[in-house]
Structure formats: C-alpha cells, structure tokens
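Below: the structure, in structure tokens.
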Amino acid sequence: MKRLRTQDDGKNIIAAQLKALREHYGYSQRDLAEQLQLANFDVDKNMITRIETNNRYVSDFEIKALAEFFDISYSFLLDGVLTETDRKKYPDL
C-alpha cells in the first residue's frame, strides 16, 4: 500500500509554497501566525513551523484558510503552479 508522503518522506506538499508566500510578505513564522489569528484562523507559530519543515499533515480546511488569507489559488499551494490571477498578484513568486 502506498504511503501518503512526499518523495523526501514529508507529510505535506505545501511546505515550500507556504514558506515562499510568508517570505514574500516579510513575515516571520510568528508574524504569519499572528496575522492569521487576527484574520480569525486558529493557528500558532508551531503549526507554521511544522508545516514548513514537512513535519505536519495539513487539513483541507487549513489549505482553504491559507488560500483565502493569501488570496492565492489551490493550484499554487498544492502544485506550485501559479494561475494567471496569481501571476498578476505575485509576479515575483
């Protein structure tokens, strides 16, 4: 039976994309957690760290919340592929 892991044995596929978005805004992991909390999402710094280091599974609800918060497509978060709308908003990603 195939395990649900990345090739490098990570637990999620959004780690690099989340880190890129966070760094685009100049947020530390703590800053991002605080911004998400202000937007009424239940997140803490440790959650961000564990996602970015591929040590945590990410729920569909969390992917939806991150896409909404950053106003970015699921395509980018899940596959690293920017849509035309994403390219306009984030030309340097």
Side-chain angles (χ1 to χ4, degrees):
M1 185 174 276
K2 193 171 186 175
R3 290 176 47 200
L4 297 176
R5 297 273 177 112
T6 62
Q7 287 182 338
D8 62 352
D9 211 30
K11 293 183 178 179
N12 70 70
I13 58 176
I14 72 164
Q17 293 84 284
L18 177 59
K19 185 175 181 180
L21 286 165
R22 178 178 61 75
E23 289 176 346
H24 173 82
Y25 283 94
Y27 292 150
S28 67
Q29 291 173 341
R30 185 174 309 285
D31 293 337
L32 176 56
E34 289 173 0
Q35 291 301 313
L36 286 162
Q37 289 169 359
L38 289 172
N40 213 23
F41 296 112
D42 184 21
V43 175
D44 65 22
K45 185 246 182 216
N46 292 332
M47 179 181 145
I48 301 299
T49 300
R50 293 186 67 219
I51 292 171
E52 287 187 6
T53 58
N54 246 325
N55 290 315
R56 184 183 185 282
Y57 292 107
V58 182
S59 75
D60 52 353
F61 293 106
E62 292 164 340
I63 291 170
K64 183 172 175 46
L66 291 167
E68 186 178 305
F69 177 80
F70 286 112
D71 190 25
I72 197 140
S73 67
Y74 299 122
S75 172
F76 177 73
L77 283 175
L78 296 173
D79 298 322
V81 177
L82 293 165
T83 64
E84 281 301 313
T85 304
D86 295 338
R87 276 189 243 285
K88 289 176 185 171
K89 183 166 176 97
Y90 298 102
D92 57 339
L93 276 183

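Every value quoted in this text rests on a predicted model; they were computed, and no experiment measured them.
Residues that satisfy the side chain to side chain donor-acceptor pair (under 3.5 Å) test with Thr49, not counting sequence neighbours, are Gln29, Lys45.
Shown here for Glu52 and Arg22, the closest heavy-atom pair between the two residues is OE2-NE, 2.6 Å. Of all the heavy atoms in Leu77 and Ile14, the pair that sits closest is O-CG2, 3.1 Å. A pairwise comparison of heavy atoms in Asp44 and Met47 identifies OD1-N, 2.8 Å as the closest pair. Minimum interatomic distance between Thr83 and Ser75 (heavy atoms only, all atoms of both residues): CG2-CB, 4.2 Å. Taking each heavy atom of Phe70 and Lys89 in turn, the nearest pair found is O-CE, 3.6 Å. Contact record, Glu62 with Tyr57: OE1-O, 4.1 Å, taken as the closest heavy-atom pair.
Glu68 places a side-chain heavy atom less than 4.5 Å from the side chain of Phe41. By the 4.5 Å heavy-atom criterion applied to side chains, Leu93 and Ile72 are counted as neighbours. Glu34 places none of its side-chain heavy atoms less than 4.5 Å from the side chain of Tyr27.
No chain of hydrophobic side-chain contacts below 4.5 Å, direct or via other Ile, Leu, Val, Met, Phe, Trp or Tyr residues, connects Leu18 to Phe61.
Between Tyr25 and Tyr90, the angle of the ring planes goes over 60°, which puts this pair in the perpendicular group of the 30/60° scheme.
Put simply, NZ on Lys88 and CG on Leu82 are 13.0 Å apart, with the number rounded to the nearest 0.5 Å. For the atom pair CD1 (Ile48) and OG1 (Thr53), the distance works out to 11.0 Å, reported to the nearest 0.5 Å. Atoms CZ and CG, on Phe69 and Leu36 in that order, are 4.5 Å from each other to the nearest 0.5 Å. Within the model, atoms OG1 of Thr85 and CG of Asp71 stand 9.0 Å from one another, a figure rounded to the nearest 0.5 Å.
In this structure a side-chain-to-backbone donor-acceptor pair under 3.5 Å is present from Arg50 to Asn55. Between the Asn54 side chain and the Asn12 main chain, a donor and an acceptor come within less than 3.5 Å of each other.
At most 12 heavy atoms of other shown residues, nucleotides or ligands fall within 6.0 angstrom of atom CZ in Arg30.
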Q.
Would Leu21 and Leu66 count as a side chain to side chain contact (heavy atoms under 4.5 Å, CB included) here? Give the steps.
A. CA-CA 10 Å; Leu21 286 165; Leu66 291 167; over 6 Å; no
